[in-house]
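The basis for the numbers below is simple: all heavy atoms, side chains too, and nothing from hydrogens, waters or symmetry mates.
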Amino acid sequence: MDLDLSPKLAKKVYGDDGGSYYAWCPDELPMLRQGNIGAAKLALEKNGFALPRYSDSSKVAYVLQGAGVAGIILPESEEKVIAIKKGDAIALPFGVITWWYNKEDTELVVLFMGDTSKGHKPGQFTDFFLTGANGIFTGFTTDFVKRAWDVDDDTATALIGNQKGKGIVKLDANFKMPEPKPDHRKGMAMNCEEAPLDTDIKNAGNVVLLNTKNLPLVGQVGMGADLVRLEGNAMCSPGFSCDSALQVTYIVNGSGRLQVVGVDGKRVLETIVKAGNLLIVPRFFVVSKIADPDGLSWFSIITTPNPMFTHLAGSIGAWKAISPEVLQAAFKVPAETEKLFRSKRTNDAIFFPPPK
């Protein structure tokens, strides 16, 4: 496989004083097209309003920075108005309409990653806006709008033409948007930074999984996700997705070294990853990371709701299950070497603390 796997940064697609929308391009990151994965970021300034839209792809949204309000309308359901903040993960199935608003001084940044296999363009999201210069209303003639919504000429003209913004606008500071309702949040979002840890290795790292157990909507999205945090100089065990799932990784904080090994034992990627990078590991390829001194954290989607991984090192590593004689023959080493190899990493699983 000669695909370019090197991490990439997102590029601005559109935006104005209310904020900007960024996306990763499949021409620059070919694995997006190959894996039918889309990835984008929404950044809203204070009073920035992302106009109501729906998409041709199911997605997982993850709040990277700030706090704000999201409106989520599932098909044939009431609008859910929820407070969102850094660390929140939200599952967005097909057909969902969303809007996003930031009333705080800090920029609100939301990451979107999802499946484009049913989309118009492999590796890219296509959003359909309900209003605005590129909205649904703009495409219909006045007589269609009048008939469909039973309004007069002046109202139809206003609905079609008043909103000149495209995708993102800035609202007047005094404009009152809907207030979030605490009961609306249940089942819609989960904060990965506050959730119980699924794995926690002292001085090494921890992980929170997003699956059908803690956020049932991911079943409709068809993807799981996780937030992984590595301590400074710690290592993540080499491993691979053993159920044919793709892993799409966004580096949230920090930096570190990354290696990926593919077919025929070929190292297909060796690089430094840092905050803002997006990378995709092909199916069954083995990946490992070592954090720099300041640590490394990443948010990933996995293209199955309840992913399974095989780790090749550590106390739960696959090597531990293989017979000593088989390992001795496979590595072509004496029994003493095999015993030494097996005696290591008997207590550390998945994450390994820095060497003493």
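Closest of all the heavy-atom pairs between D88 and I84 is OD2-CA, 3.3 Å. Closest approach of L296 and G256 over heavy atoms only: CD1-N, 4.1 Å. Between L230 and K289 the shortest heavy-atom distance is CD1-O, 4.0 Å. Here the shortest heavy-atom pairing between C236 and S288 reads O-OG, 2.7 Å. Scanning both residues, L51 and G165, for their nearest heavy atoms gives CD1-O, 4.3 Å. Closest approach of M188 and I72 over heavy atoms only: CE-CG2, 3.5 Å.
With hydrophobic clusters built from ILVMFWY side chains whose heavy atoms lie under 4.5 angstrom apart, V248 does not share a cluster with L42. Grouping the Ile, Leu, Val, Met, Phe, Trp and Tyr side chains by contacts below 4.5 angstrom, directly or via other members, places I37 with V252. At a threshold of 4.5 Å between side-chain heavy atoms, the hydrophobic network of Ile, Leu, Val, Met, Phe, Trp and Tyr places V273 and L5 in one connected group. By the rule that hydrophobic residues join a cluster once side-chain heavy atoms approach within less than 4.5 Å of another member, M31 and M113 end up as members of one cluster. In the hydrophobic clustering of ILVMFWY residues, with side-chain heavy atoms under 4.5 Å counting as a link, I97 and L159 come out together.
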Given side-chain contact (heavy atoms from CB on, under 4.5 Å), test V281 with T249 step by step and report yes or no.
-> CA-CA 8 Å; V281 178; T249 297; 5.6 Å; no

Given the rule in the side-chain hydrogen bond (donor to acceptor under 3.5 Å, both in side chains) test, do T155 and D152 qualify, once you have shown the distances and angles that lead to the verdict?
-> CA-CA 5 Å; T155 303; D152 58 29; 2.7 Å; yes

Applying side-chain hydrogen bond (donor to acceptor under 3.5 Å, both in side chains), run through E79 and W99 and close with a yes or a no.
-> CA-CA 10 Å; E79 179 185 62; W99 55 261; 2.8 Å; yes

Walk me through it: do F341 and F331 pass the test ring pair (Phe, Tyr, Trp, His ring centres under 6.0 Å)?
-> CA-CA 11 Å; F341 176 68; F331 280 118; 5.4 Å; yes

Is there a side-chain hydrogen bond (donor to acceptor under 3.5 Å, both in side chains) between D115 and S58 once you walk through the steps?
-> CA-CA 6 Å; D115 174 20; S58 57; 4.8 Å; no

Under the side-chain contact (heavy atoms from CB on, under 4.5 Å) rule, what do F285 and V263 come out as? Steps first, then yes or no, please.
-> CA-CA 7 Å; F285 282 36; V263 180; 4.1 Å; yes

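When side chains are defined from C-beta on, Q247 counts as touching I302, because their heavy atoms get closer than 4.5 Å. Looking at heavy atoms from C-beta onward, R185 lies in side-chain contact with N191 at the 4.5 angstrom threshold. Residues Y21 and K166 form no side-chain contact, since every pair of their non-hydrogen atoms from C-beta on lies 4.5 Å or further apart. Side-chain contact between V287 and L258: present, with at least one pair of heavy atoms (C-beta onward) separated by less than 4.5 Å. Counting heavy atoms from C-beta on, the side chains of V145 and F137 come closer than 4.5 Å. Between Q220 and F94, every side-chain heavy-atom pair lies at or beyond the 4.5 Å cut-off. Residues V218 and M223 form no side-chain contact, since every pair of their non-hydrogen atoms from C-beta on lies 4.5 Å or further apart. Between M177 and V69, every side-chain heavy-atom pair lies at or beyond the 4.5 Å cut-off.
Here the two rings, on Y250 and F299, have centers that are 6.0 Å apart or farther. For W149 and F144, the ring centers are positioned 6.0 Å apart or more.
Note: F112 and W100 have perpendicular aromatic rings, judged against thresholds of 30 and 60 degrees for the angle between ring planes. Aromatic ring pairs are classed by plane angle as parallel below 30°, tilted from 30° to 60° and perpendicular above 60°; the pair F128 and Y54 is parallel.
Salt-bridge annotation for D127 and K59: present, with a side-chain N of the basic residue lying under 4.0 Å from a carboxylate O of the acidic one. A salt bridge does not link K181 to E78: none of the charged side-chain nitrogens sits closer than 4.0 Å to a carboxylate oxygen. A salt bridge does not link K46 with E104: every distance from a Lys NZ or Arg NE/NH1/NH2 to an Asp or Glu carboxylate oxygen is 4.0 Å or more. Of the charged side-chain nitrogens involved, none lies within less than 4.0 Å of a carboxylate oxygen, so that K274 and D292 do not count as a salt-bridged pair. A salt bridge links K103 to E179: at least one charged side-chain nitrogen sits closer than 4.0 Å to a carboxylate oxygen. Of the charged side-chain nitrogens involved, at least one lies within less than 4.0 Å of a carboxylate oxygen, so that D4 and K8 count as a salt-bridged pair.
Applying the side-chain contact (heavy atoms from CB on, under 4.5 Å) test between Y62 and each of L227, V110, I301, I90 identifies L227 as the sole match. For the side-chain contact (heavy atoms from CB on, under 4.5 Å) test with L340, the passing option among E336, R342, K344 is K344; the others fail.
Judged by distance alone, with hydrogens and angles left aside, the side-chain atoms of T116 form a donor-acceptor pair with the main-chain N or O of G123 at under 3.5 Å. Remark: the backbone N or O of S57 is paired with a side-chain donor or acceptor of S55 at under 3.5 angstrom.
Other residues, nucleotides and ligands place more than 12 heavy atoms under 6.0 Å from the NZ atom of K12.
Distance check: L209 CG to D198 CG gives 4.0 Å after rounding to the nearest 0.5 Å. To the nearest 0.5 Å, atom CG of residue L278 and atom CD of residue E28 are 11.5 Å apart.
The cationic group of K41 does not satisfy the cation-pi geometry with W24, failing either the under 6.0 Å distance to the six-membered ring centre or the 45° limit from the ring axis.
Counted by atom type alone, T271 and S6 present zero donor-acceptor pairs between their side chains at under 3.5 Å.
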